[in-house]
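Encoded as structure tokens, the structure appears first; notes follow it.
As the structure is a computational prediction, the values presented were derived from the model and not from experiment. Indexing begins at 1, ligand by ligand and atom by atom, following the structure's order.
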Amino acid sequence: MNSSIVNTNYDLLPGSYLFSTIAQKIKEYQGAHADADIIRLGIGDVTTPLIPEVIKAMHNAVDEMAVKGTFRGYGPEQGYDFVREAIVRGEYTARGIEMDPNDIFVSDGSKCDVANIQELFTENVNIAIPDPVYPVYLDSNVMAGRAGVLQDDGRFSKVTYLASTAENNFQPDLPKNPVQLIYLCSPNNPTGTVLSRETLQKFVNYANENGALILFDGAYNCYIQDESLPHSIFEIPGARTCAIEFRSFSKTAGFTGVRCAYTVIPHELSKLHAMWNRRQCTKFNGVSYVTQRAAEAIYSPVGWQQTKEVIAGYMRTAGVIRKELTAAGYTVFGGEHAPYIWWKIPDGEKSFDFFDRLLATCEVVGTPGSGFGPCGEGYFRLTAFGDYERTCEALKRIREKL
Ligand SMILES: *Cc1c(COP(=O)(O)O)cnc(C)c1O
């Protein structure tokens, strides 16, 4: 094959994916310390099994697939009506947000949706990305040739970074230069902080005034404990003419291995709605029937109760991390409305050096903040997805040894 046929934008990506670099470091440590007892607080993956209501729904759906009269083949590319209606009822109507089931596009994941949505836009559109944030927005734009080149300061030349730091209370300012696509993630991965109603209104107003579009990732909305905080961009007046929302069952209901998510494109954005519909019909053949029945099941009264209990379990772990680190004299953010704790590390220490020190002294693993963007330097992400007892043990080691 002639190498000139490949997409050279891939060569612009910095090194390997953050988590493979970390996995390599852990492997090396284990290689050198055969008796290592490592506690992983770096995982961005759920660990609690699926709730009984979901399992029951999946078993029932499997049985339906075994019988001629109820067997299902290809379903609608946009998702079955039963799940789109359940999502509207459980997620939007319940919070007083009007939503049309036809605006919900069910998919097999938000990671692919947030990356695939770029197909609807021209190559030279200017993008704004929070810093720090989930690396998928940036990397997928680099692959598409929209980010420019990586500069010495760790930033891509054509990307507008929306700094989210302790200094601005994790509420980014509006972009200073013109952008047409704005990614927002709230509650944020990795900082665990939530964008306020005022911040979201500011961005919605900016988008409407400047003809920009907000791509709002709400993967962690179910972790918000304070009902007065915005759970959805569509709680903000004016959002329906300037925002798309991405939601996932991955963190909400432990579906990281089951795979189900949805993207909301309001019909007010009629062109984008039609384009995404066309895109999905052409390139996607729907989520499995069994999986969609599983997703529907979390919205039954019992299913919702069980779902909330699992989330409460993770939030209990998050609370312990916050409490123990604070008691040890550290400054921490997040962990109140998200399963992530954003730990301020000692001044001057690099977050990758801190990773090595934490592993060597405590055999505890987390994620260096700089892996999520230049503004993540000086911070470290711990997650509340791990086992409760093991997390307590990790914090004991941190208090005693670090
Ligand atoms: C985990 C996560 C997702 C979910 O991705 P899926 O593909 O649905 O599993 C989306 N956005 C963020 C910020 C996440 O952390």
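In this structure, Asp45 does not pair ionically with Lys251, as no charged nitrogen and carboxylate oxygen lie closer than 4.0 Å. Looking at Arg146 and Glu123, no side-chain N of the basic residue comes within less than 4.0 Å of a carboxylate O on the acidic one, giving no salt bridge.
Ranking the protein heavy atoms by distance from atom 14 (C) of ligand 1 puts Lys251 NZ, 3.3 Å first. Nearest protein heavy-atom contact of atom 9 (O) of ligand 1 is Ser250 OG, 2.6 Å. Counting only heavy atoms of the protein, atom 5 (O) of ligand 1 lies nearest to Lys111 N, 3.6 Å. At the shortest separation from atom 7 (O) of ligand 1 among protein heavy atoms lies Arg259 NH2, 2.7 Å. Protein heavy atom at the shortest distance from atom 15 (O) of ligand 1 is Tyr220 OH, 2.5 Å.
Close approach of ligand 1 to Gly109 (heavy-atom distance below 4.0 Å) involves ligand atoms 7 (O), 8 (O). Within ligand 1, the atoms closer than 4.0 Å to a non-hydrogen atom of Ala219 are 3 (C), 10 (C), 11 (N), 12 (C), numbered from 1 in the order shown.
Residue contacts with ligand 1: Ser110 is placed with a nitrogen or oxygen under 3.5 Å of a nitrogen or oxygen of the ligand (distance criterion only).
Under the 6.0 Å distance and 45° angle rule, Arg155 counts as a cation-pi partner of Tyr161.
Residue contacts with ligand 1 include Cys185, since one or more of its heavy atoms lies under 4.0 Å from the ligand.
Heavy-atom neighbours of Tyr10 OH from other residues, nucleotides or ligands within 6.0 Å: at or below the threshold of 12. Shown here is Arg278, whose CZ atom has no more than 12 heavy atoms of other residues, nucleotides or ligands within 6.0 Å.
For the residues Thr256, Val46, Asp217, the heavy atom positioned nearest atom 11 (N) of ligand 1 is part of Asp217.
Ala147 approaches Val142 most closely through the heavy-atom pair CB-CG2, 3.6 Å.
For an aromatic pair to be called close, the ring centres must be under 6.0 Å apart, and Tyr220 with Tyr340 satisfies this.
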